[in-house]
Amino acid sequence: MIPEAKLSLEDAAMPKPGKYVPDGTEGITSVGELPKPKAVRLSRNYRRRRCPRCGQRAYRLRPVERTLRDLGDPVSGRPRDIHVTYSQHRCPKCNVYFNADMDDLALPKCHYTHRVVGLAVRLVVEDGLPYRAASWHLWRDHRVFVPFATIQNWVEAGGKKS
Ligand SMILES: [Zn+2]
């Protein structure tokens with residue numbers, strides 16, 4: 001049997017879970033000090049695609065690049081940027097310009113992936129977080145920086161739709 005005195009001594013010296021430790025990036029005011037994003041490359045670059053309007057095969061005019069912010073890596077603490085190279089095409093029949101499809105990744109003109117937008121909206125709608133708290137949560141736990149006004153725009157746009 002272990003004497004009671006020894007037990008409580010060991011207990012006092014043992015590290016305990018639940019100790020509050022602030023996020024390592026808290027208080028950083030310059031962007032340069034934040035962890036560098038991990039770059040991931042994706043290609044949606046095709047020689048030809050079918051015109052979405054008439055179905056005619058359209059050759060590539062040029063490749064273009066777009067950067068999407070994705071959920072980061074909580075283990076390394078680094079954000080994750082997806083660099084998508086995609087092709088722009090022009091239909092020879094109806095003269096329409098279009099891009100290679102990437103609607104599965106992100107909405108047109110949006111700087112964030114569907115994963116980020118979906119999570120941000122759930123934080124507000126399901127968990128009831130205020131916009132600023134949702135923005136901090138996304139950075140602290142998912143290493144993606146989204147200004148709170150952007151989250152507000154997403155939630156309000158979604159609300160109008162449904
Ligand atoms: Zn066409």
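Just so we're clear, the structure is a prediction, and the values are computed from it rather than from any experiment. All values below were derived from every heavy atom in this structure, side-chain atoms included, with hydrogens, water molecules and symmetry-related copies excluded. Along the sequence shown, residues carry numbers from 1. In listed order, ligands and their atoms are each counted from 1.
Grouping Ile, Leu, Val, Met, Phe, Trp and Tyr by side-chain contacts under 4.5 Å, direct or through others, puts Val96 with Phe98.
Of the charged side-chain nitrogens involved, at least one lies within less than 4.0 Å of a carboxylate oxygen, so that Asp104 and Arg44 count as a salt-bridged pair. Salt bridge status for Asp23 with Arg140: absent, with no side-chain N to carboxylate O gap under 4.0 Å.
Residues Ile28 and Leu34 have side chains in contact (heavy-atom distance under 4.5 Å, counting atoms from C-beta outward).
Checked against ring-ring contact (aromatic ring centres under 6.0 Å, His included), His137 has the following partners two or more places apart in sequence or in another chain: His142.
Listed by chain and number, Cys51 SG, Cys54 SG, Cys91 SG, Cys94 SG are the protein N/O/S atoms closer than 2.8 Å to the Zn ion (ligand 1), with waters left out.
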Using a 3.5 Å cut-off and no angle test, enumerate the donor-acceptor pairs between side-chain atoms of residues 123-134 and protein atoms at least two apart in sequence or in another chain.
none

